Amino acid sequence: MSNAVNPNPTEESAGYDPSQVELKWQESWRDLATNTVDVANAPDPFYALMMFPYPSAEGLHVGNLFAFVGNDIYGRFQRLQGHNVFEPLGYDAFGIHSENYALKVQKHPMDLIPQNIANFRRQLERAGLMVDWSHSLSTTDPEYYKWTQWVFLQLLKQGLAYKKQAAVNWCPSCKTVLANEQVIGGACERCDTPVEQRFLSQWFFRISDYAQRLLGNLDTLDWSETTKTAQRNWIGRSEGAELSFVAKRNGEQHSIRVFTTRPDTVFGATYLVLAPEHPLVPSLTGALYKSAVDQYVARSSKQDVVSRKSNTEKTGVFTGAYAINPANGEEIPIWISDYVLMEYGTGAIMAVPGHDERDFEFAKVFGLPIVRVVCAEGEDPSAPLESAFTENERGVIVNSAQFDGMTVATAKREITSMLQAKNAGKSFVNYRLHDWCISRQRYWGPPIPIIYCDEHGAVPVPEKDLPVLLPHVEDFKPDDSGVSPLARHEDWYRVPCPTCGKMARRETDVSDTFLDSAWYFLRYPSVGIDEVPFDSSLTQKWLPVDSYIGGNEHAVLHLLYSRFITMVLHDMGFLTFEEPFTRFRAHGLIIRNGAKMSKSRGNVVVPDHYIEKWGADAFRTYLMFLGPFEEGGDFRDASISGVKRFLDRLWASVNTVVDATNANGSGDPEVMRKLHQTIRKVGEDIPKLSYNTAVAAMMEYMNSLRRGERKPVRAEVESLVQLVSPFAPHIAEELWLRLGHQESVFNSRWPKFDEALAAEEKIDLVIQVNGKTRGKVS
RNA sequence: GCUCGGGUGGCGAAACCGGUAGACGCGAGGGACUUAAAAUCCCUUGGGCCAAAGCCCAUGCGGGUUCGAUCCCCGCCCCGAGCACCA
């Protein structure tokens, strides 16, 4: 006999060989369509959704798998509860990511993406997910993006899509426009290049019209609190007042509107500041000041956003003009400074240096008057301010005529109504949320379905002509002309006007990837239906999504955009609900050596060889055992052996039962009690996504099952197999079969626990003296 | 700066509603089996004092409330995430 023998005996019942078991069951699930749902006829639908991945060339990494497995466990558990669980999975394959990669390796994304998808599919199947592959999709399929274009046309129809010439964030490295939310600290979120300002004509969605609804509905959603907070911050509601200051110049009156959260301090407004881009700047600037103002405006428009926003010292110029403070009739100077942003509020502020740090700093630099209008109790109202007094909780109004002595809260209200009576102000709620710029001057996305005609302007492509196919062009490299590479392809670009038939031009921009992902969950149940984006009865049946799991990196953008699109489609009568995700939980991040996994850091861990070595079941269970699902953790392979040992013991215990001639006894009372406690514990933990403690509980049970020399009986192991099945589906399926069941364990029902049995039988009475434990009586 | 998380053994972590802190796993130490190793199985494992029974200390730091605090309150320190010249 040769020494190079296979360490694993091949005899069926002898040893546990994960890969043999797993491949066998994966094939069986495929053949028997175990994971496929009859979407039209499911009596008890449950939609368990996971955020779809971007199919990168590197393949699925353990961070992705961690999230998918977490969702899979939840889905399988719901199935064992008797629901018809729909767990679809597709690919978010458009976008700058794929395009940049394609450019780098000099291949066409239309060739690359299918390869990547095939690789992902292989990895996902190997991991044993309960995915219904008959309802998969890719955002790059024309039969999908046809409807993405349709969504755009619906927003256009509602007046919620509009085009404007706008200062946009331009990434000089990616050579494209970025949405505000893709600019992180003034730099491109993808390549960290400082972002510049450019003026381009862009398509926007009026998401800011929905700010209040998007904010208000959050209170009704069962979502991770962290995610809701992030959305609230992003929407950024500020309550205050909009005030008007009148300025005169060359006999003309100009009303300058400002937004403030502190109308109570208006008596302390000693000057106004306009953003350099403010439209009134030219008409307010006096002849003497023109060259200084022009210079300043030119300088700030050239400056990139990063350095402008991180300017430490206040800079600015005087316009030569004055305005009247509507509260006290005083003339106050009008300045220009880049610390006032055109994008927020009205692009102009009233400066109250006594009670705003930035205004204080500015006033110090330019020697402008600082007036105190709020005092802490007992303070001298005439004492000069050393710094801005911004605390308003215990402030009292001073130097403000009849409002003196009021609290800040009262003065806010009273002063606003006084100004309103003078027609110089009103209460106003301002939001930080900006309209969503969806134009991208790139190739790899769905073309925006618009045709420009000299006579008829921007004409929507008729719905019957959708999709506007993205042509397969060899030359898709962006340049810095500011127009999409598609503009260089005349045969695609020139097209007759749908209205008059004269030659016209296509819109050459493609839409933002976030639009692709803002409605994909509506499509899954209807995959394969050509006539509509989502069939109304299927949608009625499956949506809103019962459980959505995804990363918190999408807490703001993707989730906000999806909610917005859903609301719009609801308002148009396409949907009966206005919130797409009933329940959302953010999973934690799997990090490696203290850092997020990324190719550039070189710390990406691919699951393939772990699955090969330990098996998908052990790897899945290990990932869940690593730490709390909603917190994630550092990836170490250290304790995977413990999980594997647990599965080995499970295998051995169940096979002992299978091999025994008479294992049908009633079970050891102590063990049975523990079993029922475990059934209860695991059943409580899974819905809470407390997977690590569920695994611990099963391990604990395994320990008590094996105590002593005794052999387990059927009653002691049968439901354990069911408890394990969401985590380790293959081994569970195999053991279930060996226990003599004809049907899949996933067609069985989650075991019930016996209340009385599961209750603690012994009560430990702890004796404490002066709060210190002094012993116990059982 | 503001808003959320979080800080517990050598490590990952558990602890319901204020009631035996450290379940479960890894690692480490010891033992059984073995010619030997691997695998498997058993025991020990927060720190300290003690021959032992037992006692003391311990959940980032300092106070407080309570018969009793990892948990509640006040004041700090550190780590992570988000927002940020947002008026």
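These values consider heavy atoms only, across backbone and side chains, with no hydrogens, waters or symmetry-generated copies. Numbered from 1 within each chain, the chains take letters A, B, ... in sequence-line order. Computed from a prediction, not measured in an experiment: that's the story for all the values here.
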Quick one: is B/C4 close enough that its OP1 or OP2 comes under 4.0 Å of any side-chain N or O from A/Arg232?
-> no

A/Trp234 six-ring face occupied by A/Arg563 cation (under 6.0 Å, within 45°) | no

Anti/syn call for B/G9, syn if |chi| within 90° = syn

Euclidean distance, atom NZ of residue A/Lys681 to atom P of B/A23 [Å, nearest integer] = 14 Å

So, is A/Ser337 close to the B/C85 phosphate, meaning a side-chain N or O under 4.0 Å from OP1 or OP2?
-> no

Distance test, side-chain N/O of A/Arg645 to OP1/OP2 of B/C26, below 4.0 Å | yes

B/C17, syn or anti by chi within 90 degrees of zero = syn

Counting only side-chain N and O atoms of A/Arg649, is one of them less than 4.0 Å from OP1 or OP2 of B/C41?
-> yes

Expressed in whole Å, how much space separates the P atoms belonging to B/A21 and B/A58?
-> 13 Å

Integer angstrom distance from the P of B/U65 to that of B/C55 | 27 Å

Using heavy atoms to find the nearest nucleotide of RNA chain B for A/Ser641 and A/Tyr431 separately, return the residue whose nucleotide is more 5′.
-> A/Ser641

Quick one: look up who B/A36 pairs with, Watson-Crick or G-U, both distances under 3.5 Å, and put none if it's unpaired.
-> none

Determine, stepwise, if the pair A/Phe318 / A/Phe366 fulfils ring-ring contact (aromatic ring centres under 6.0 Å, His included).
-> CA-CA 10 Å; A/Phe318 179 44; A/Phe366 294 102; over 10 Å; no

Rounded P spacing from B/A23 to B/A13 in Å = 15 Å

Under 4.0 angstrom, heavy atoms only, what part of the nucleic acid is A/Asn552 near: base, sugar-phosphate, or nothing?
-> nothing

In terms of the nearest nucleotide of RNA chain B, which residue is placed more toward the 5' end: A/Thr261 or A/Gly633?
-> A/Gly633

How far, in whole Å, is B/A52 from B/G48 if one measures between their P atoms?
-> 14 Å

If pairing means Watson-Crick or G-U wobble with both distances under 3.5 Å, then the partner of B/G68 is none

Re B/G54: Watson-Crick or G-U wobble partner, both distances kept under 3.5 Å, found to be B/C49

Spacing of the C1' atoms in B/A38 and B/C16 (rounded, Å) | 43 Å

Phosphate-side-chain proximity, A/Asn430 and B/C86, N/O vs OP1/OP2 below 4.0 Å | no

For A/Asn692, answer base if it contacts any base atom (sugar-phosphate contacts may also be present), sugar-phosphate if it contacts only those atoms, and nothing otherwise; contact means non-hydrogen atoms under 4.0 Å.
-> sugar-phosphate

Could you work out the separation of B/U20 and B/G25 based on their C1' atoms and round it to a whole Å?
-> 22 Å

Side chain to side chain, A/Asp209 and A/Phe564, heavy atoms closer than 4.5 Å | no

Report the base-pairing partner of B/U3 (Watson-Crick or G-U wobble, both distances below 3.5 angstrom), or none.
-> B/A81

Output, in order, the C-alpha distance, side-chain angles, deciding distance and verdict of side chain to side chain contact (heavy atoms under 4.5 Å, CB included) for A/Phe619 and A/Val62.
-> CA-CA 10 Å; A/Phe619 195 62; A/Val62 298; 3.6 Å; yes

With P as the reference atom in both, quote the distance from B/U35 to B/A28 in angstrom, rounded to an integer.
-> 26 Å

Aromatic A/Tyr339 / basic A/Lys314 pairing, under 6.0 angstrom, 45° off normal | yes

Examine A/Tyr610 together with A/Phe635 and report whether their ring centres are nearer than 6.0 Å.
-> yes

Could you measure between the two P atoms, the one in B/G1 and the one in B/C50, and give it in whole Å?
-> 49 Å

If only side-chain N and O atoms of A/Asn233 are considered, is one of them under 4.0 Å from the OP1 or OP2 phosphate oxygen of B/A81?
-> no

